[in-house]
Visitor: 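Starting off with a structure, shown below.
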Amino acid sequence: MIDDTIILGAGAFSHAHIRCMLELGILKCTIAKHSEWTSEQKNKFTQHHPLMTFTFNNNPDTTDKNVHIVTPSNTHARLLYDNQSSKKIFVEKPSVLYNNHDDFNYANAVNRTI
């Protein structure tokens, strides 16, 4: 199994991405979130998705990986900008909210297909 998929965000919508990945035959992924993982949180993911093999890593290298951004919408612009070295980026909608001037600059600096 190739581990080339990373999910940034561990909220409710990440489960929808995991279900789609399983339907596509992707059986291994790294999942990252802002705070440290508890055993209870890890167990929730492994129990809800027993066919998926998870790596819990809050600071994964996204270079040449497929990245799913499923964090709060106000973080999307910065995460798109920070992960431009990834292979592909999937982002839940809205892809970008302009919360401040930096978000506008981050979004305009991304020069690839999302």
Visitor: Less than 4.5 Å apart, side chain to side chain, heavy atoms only: is that true for T71 and H76?
Guide: yes

Visitor: Grab the two heavy atoms, one from T5 and one from K28, that are nearest each other, plus how far apart they are.
Guide: CB-O, 4.3 Å

Visitor: Are N83 and T62 linked by a side-chain donor-acceptor pair shorter than 3.5 Å?
Guide: yes

Visitor: Under the ring pair (Phe, Tyr, Trp, His ring centres under 6.0 Å) rule, collect the residues that match up with H17, sequence neighbours excluded.
Guide: F13, H68

Visitor: I'd like to know whether OH of Y81 has more than 12 heavy-atom contacts from other residues, nucleotides or ligands below 6.0 angstrom.
Guide: no

Visitor: Report yes or no: do N57 and T55 form a side-chain donor-acceptor pair below 3.5 Å?
Guide: no

Visitor: Distance from I7 atom CD1 to I31 atom CD1, nearest 0.5 Å?
Guide: 4.5 Å

Visitor: Work out which heavy atom in V70 is nearest to a heavy atom in G9; give both atom names and the distance.
Guide: CG2-O, 3.6 Å

Visitor: Which pair of heavy atoms, one from I6 and one from K65, lies closest together, and at what distance?
Guide: CD1-CG, 3.8 Å

Visitor: Could you state the interatomic distance from CG (N59) to OG1 (T30), rounded to the nearest 0.5 Å?
Guide: 11.5 Å

Visitor: Tell me if the aromatic rings of W37 and F45 count as close, with their centers under 6.0 Å from one another.
Guide: yes

Visitor: Answer whether the closest heavy-atom distance between the side chains of I89 and L80 falls below 4.5 Å.
Guide: yes

Visitor: About how many Å separate CD of E36 and CZ of F56, when rounded to the nearest 0.5 Å?
Guide: 13.0 Å

Visitor: Taking atom types as modelled, find out whether H15 and H49 have a side-chain donor-acceptor pair closer than 3.5 angstrom.
Guide: yes

Visitor: Start with the C-alpha distance between S86 and K88, add both sets of side-chain angles, then the distance that settles side-chain hydrogen bond (donor to acceptor under 3.5 Å, both in side chains), and finish with yes or no.
Guide: CA-CA 6 Å; S86 62; K88 292 182 183 176; over 6 Å; no

Visitor: Dump the intermediate steps for side chain to side chain contact (heavy atoms under 4.5 Å, CB included) on M52 and L22, then the final yes or no.
Guide: CA-CA 7 Å; M52 180 67 71; L22 288 167; 3.8 Å; yes

Visitor: Can you give me the closest heavy-atom contact between K87 and D4, atom names plus distance?
Guide: NZ-OD2, 3.2 Å

Visitor: Measure across N43 and T46 and return the closest heavy-atom pair with its distance rounded to 0.1 Å.
Guide: O-OG1, 3.1 Å

Visitor: Any side-chain heavy atom of H34 sitting closer than 4.5 Å to one from N58?
Guide: no

Visitor: Could you tell me which non-hydrogen atom of Q47 sits nearest to which non-hydrogen atom of P50, and how far apart they are?
Guide: O-CD, 3.6 Å

